[in-house]
Amino acid sequence: MTSLAAELSRIAGEAFAAEGLAESFGRVAASDRPDLAQFQCNGALAAAKAAKANPRAIAEKIAVRLKAEPIFAKVEIAGPGFLNLNLADAALSARAAALATDDTLGAPGTGTGKTVVIDFGGPNVAKPMHVGHLRSSIIGDCLQRLYRANGWKVVSDVHLGDWGLQMGQLISEVEIEGVAPVYFDPNVVGPYSDDSPVSMDDLEILYPRASAACKADPARLEAARRATVDLQAGRAGYRALWRHFVKVSERGLEREFAALGVKFDLWNGESSVDALIPPMLDDLKTRGLAEISEGALVVPVAREDDKKPMPPLILVKSEGGVLYGTTDLATVIERVRNYDPTLILYVVDHRQHGHFEQVFRAAARGDLSGKAQLEHVGYGTMNGTDGKPFKTRAGGVMKLHDLIAMAKTEAEKRLGEQGIGADFSAEERSEIARKVGIATIKFADLSNHRTTDYIFDLERFSKFEGKTGPYLQYAAVRVQSMLRKAKEQGASIGIPSVHSAEERRLILQLLSLGDMLAAAEDKRAPNMLCEYAFELAQNFSRFYNEHHVLSEPDPALRAARLGLCALVLAALTWVLDLLGIEVPERM
RNA sequence: GCACCCGUAGCUCAGCUGGAUAGAGUGUCGCCCUCCGAAGGCGAAGGUCGCAGGUUCGAAUCCUGCCGGGUGCGCCA
């Protein structure tokens with residue numbers, strides 16, 4: 001179904017058109033001044049500016065036409081030419097009734113027939129996930145849920161970091177440690193054991209050791225570079241060892257993502273496009289797009305009008321290794337070939353903006369992206385309460401696993417303080433705490449605007465008061481509880497309609513859900529979902545405070561109000577689901 | 001040095017394709033539970049929207065300069 005605002009815009013647009021003005025001036029949106037009206041149209045001001053006419057006079061003409069429309073209960077002109085509009089309650093009620101039977105709750109269907117590839121998560125092989133991966137994972141997951149809700153075909157790809165210098169660092173470290181000499185024996189070409197010579201715990205020790213050694217010693221770094229080149233060139237022992245690294249790491253990562261409730265369609269990585277790289281390089285060289293510069297093969301991407309230096313995208317390093325820019329470019333080719341998407345989103349830390357600009361420009365120069373628009377969906381840093389990047393108390397990198405555990409512990413503490421679930425089983429209490437802990441983290445992260453840094457304050461985010469994940473879960477549980485009671489009492493659930501100011505307000509917000517989803521998609525802005533969910537909970541509380549539903553003596557009115565409660569619950573649960581937040585049965 | 005992002009209430013943040021009295025949470029101070037879960041609702045106080053110019057009938061929003069903070073700038077990811 002088309003959104004209410006869209007329908008009103010169409011009606012107003014026709015009024016402008018009938019006056020010989022552009023239809024686009026008819027854009028109607030929720031009013032900035034809810035005390036004055038439900039909706040507003042500011043088109044008369046813009047039209048007057050364009051036509052050098054009197055805005056008030058234009059507004060008068062439009063108002064005359066709009067007053068003839070039965071959908072409006074009020075059409076007023078205010079100030080220099082604002083059109084303030086209220087709807088007839090009958091129209092609102094009809095819309096609410098239609099919404100109550102709409103499984104999609106007014107989702108806009110903006111993605112019908114379109115495919116989007118979303119690249120997020122981006123964990124690295126051999127490294128445990130840390131808080132740096134948190135934002136990519138939960139923002140990316142929210143976007144994939146949102147795009148699906150809006151009708152897109154979504155292909156999500158975790159895009160493992162499994163092919164760069166860090167792999168060479170690890171391989172050379174294993175060689176130095178001497179823990180698996182067979183993989184380095186030039187006289188052995190396999191077959192190799194199916195069992196990994198290293199565990200995830202080993203890798204977590206080996207990688208930082210290798211990384212530090214390479215930083216300290218140029219010769220050690222050189223060995224890592226050589227190992228990288230050999231791995232990428234296909235040396236059998238290195239490939240076998242590397243496959244163990246990947247497999248071992250994936251098992252750990254799957255657990256981490258499961259704990260977060262994040263799923264991917266593809267578990268591809270940088271290495272997945274290995275075979276595509278040589279033909280891509282040949283093609284780019286043949287077409288004169290790639291050239292040798294300072295010993296490396298590069299694609300120049302600088303443009304005349306650049307205001308800043310724009311280094312070329314390096315495809316092959318002087319010693320022969322490929323970089324993540326190379327795999328990113330080849331991955332564009334792969335995704336276009338496999339899915340022909342209209343959009344590819346990269347949910348990656350905003351510090352990598354320059355990298356993506358290079359890749360996107362190179363893709364454009366090579367005409368590699370088909371019809372796809374490539375877009376870097378950047379995000380800011382998660383900081384500690386000191387305003388600096390989030391660290392453990394000891395000053396180290398906080399693992400994601402530990403952060404989730406902290407949030408769950410905090411949730412348990414809060415639930416205990418509130419006496420929630422005192423009579424539930426230990427298992428159920430634990431499960432509730434898990435859901436609340438995840439909600440704490442996700443809502444805190446997603447409610448901040450994506451591009452800005454934010455301060456992670458567990459103390460504040462885990463509160464049940466205010467704009468928090470736990471509060472919204474509680475609000476949803478409360479409505480569930482009421483509907484359960486209604487069912488026990490045998491009360492029938494009817495069709496929502498307007499009988500009071502509180503219901504009117506609630507229904508108006510419910511009818512704007514589709515517009516919010518479209519806007520959130522357009523801006524790739526999860527915080528709009530958070531804002532909506534919180535406002536919905538607030539509007540419900542006002543309604544709930546004012547009208548005692550279950551004790552309402554008029555059965556028809558009670559049924560209508562229960563219908564409204566059911567609709568609110570459906571909308572709230574759905575938006576929370578898009579945020580990746582689960583609502584417990586009870587709490 | 002150059003480029004990008006940010007500077008909004010005591011604190012944490014929305015709002016930014018220009019529009020009416022700049023919003024929310026939190027904190028502070030008042031009210032409101034014989035009734036569906038008060039983890040709530042209603043109200044008050046709190047702002048030169050970093051500073052200075054400019055465009056406009058109209059600027060938190062667009063442009064320029066400055067100050068303050070963050071980030072990035074060729075073989076890491």
Side-chain angles (χ1 to χ4, degrees), chain A residues 31-33 35-36 40 42 45-46 48-49 55 78-82 84 122 124 127 161 163-166 169 211 214-215 221 224-225 270 293-298 306-319 321-325 327-328 348-355 357-358 378 380-381 383 385 387 414 417-418 420 444 447-449 451-455 457 460-461 463-468 470-471 473-475 477-479 481-486 489 527-528 530-531 534-535 537-538 540-552 561-562 565 586-587:
Chain A
S31 178
D32 294 333
R33 293 284 306 275
D35 54 318
L36 299 181
Q40 64 181 344
N42 294 353
L45 295 161
K49 191 167 196 167
F82 301 108
N84 285 334
N124 294 309
K127 286 198 255 185
W163 206 231
L165 178 64
Q166 45 191 333
Q169 290 178 326
S211 176
C214 289
K215 215 175 248 175
L221 179 60
R225 288 202 168 122
E270 294 163 357
S293 164
E294 298 175 30
L297 183 71
V298 307
D306 281 337
K307 287 192 291 186
K308 60 184 171 191
M310 178 58 66
L313 181 71
I314 299 175
L315 297 175
V316 184
K317 293 189 275 186
S318 46
E319 84 270 5
V322 299
L323 296 99
Y324 78 133
T327 57
D328 276 349
V348 181
D349 190 316
H350 68 180
R351 284 175 292 197
Q352 292 195 41
H353 187 75
H355 163 73
E357 192 160 2
Q358 287 177 295
T381 316
N383 291 328
T385 42
R414 301 269 181 184
E417 282 168 6
Q418 302 290 343
I420 290 176
S447 61
N448 285 286
H449 187 88
T451 58
T452 54
D453 299 346
Y454 79 101
I455 293 174
D457 182 351
R460 187 160 65 84
F461 296 157
K463 284 189 175 174
F464 280 83
E465 307 94 15
K467 209 187 237 175
T468 69
Y471 163 73
Q473 287 176 312
Y474 172 76
V477 164
R478 216 171 46 168
V479 188
S481 166
M482 191 210 297
L483 289 167
R484 203 156 36 220
K485 276 207 175 83
Q489 294 173 10
N527 65 304
M528 297 179 78
C530 295
E531 194 65 33
F534 185 71
E535 270 176 29
Q538 274 187 320
F540 180 78
S541 286
R542 291 193 184 102
F543 161 79
Y544 179 86
N545 220 265
E546 200 62 33
H547 307 291
H548 200 278
V549 179
L550 292 181
S551 65
E552 170 56 48
R561 287 190 170 152
L562 281 170
C565 292
R586 55 178 192 167
M587 61 191 278

Can you tell me how far [atom1] in [N] sits from the matching atom in [M], rounded to whole Å?
N     : M     : atom1 : value
B:A3  : B:U8  : C1'   : 25 Å
B:G47 : B:G23 : P     : 14 Å
B:C33 : B:G25 : C1'   : 24 Å
B:A45 : B:A24 : P     : 13 Å
B:G18 : B:G58 : C1'   : 8 Å
B:G27 : B:U12 : P     : 15 Å

Side-chain N or O of [X] closer than 4.0 Å to phosphate OP1/OP2 of [N]:
X      : N     : value
A:Y471 : B:G25 : no
A:K307 : B:C4  : yes
A:R225 : B:C76 : yes

Hey, is the side chain of [X] pairing donor to acceptor with the base of [N] inside 3.5 Å?
X      : N     : answer
A:N84  : B:A20 : yes
A:K49  : B:G58 : yes
A:Q538 : B:A24 : no
A:T381 : B:G70 : no

Out of [options], whichever nucleotide has its closest atom nearest the side chain of [X]:
X      : options             : answer
A:R542 : B:C75, B:C42, B:G37 : B:C42
A:H548 : B:C35, B:A14, B:A20 : B:C35
A:Y454 : B:C13, B:C75, B:G19 : B:C13

Within the structure shown, what part of the strands sits under 4.0 Å from A:L45 by heavy-atom distance: base, sugar-phosphate, or nothing?
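Since a base atom lies under 4.0 Å of A:L45, the category is base.
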Matching residue for A:Q358 among A:D328, A:L313, A:I314, A:V298 - test: side chain to side chain contact (heavy atoms under 4.5 Å, CB included)
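When A:D328, A:L313, A:I314, A:V298 are each tested with A:Q358, the side chain to side chain contact (heavy atoms under 4.5 Å, CB included) holds only for A:L313.
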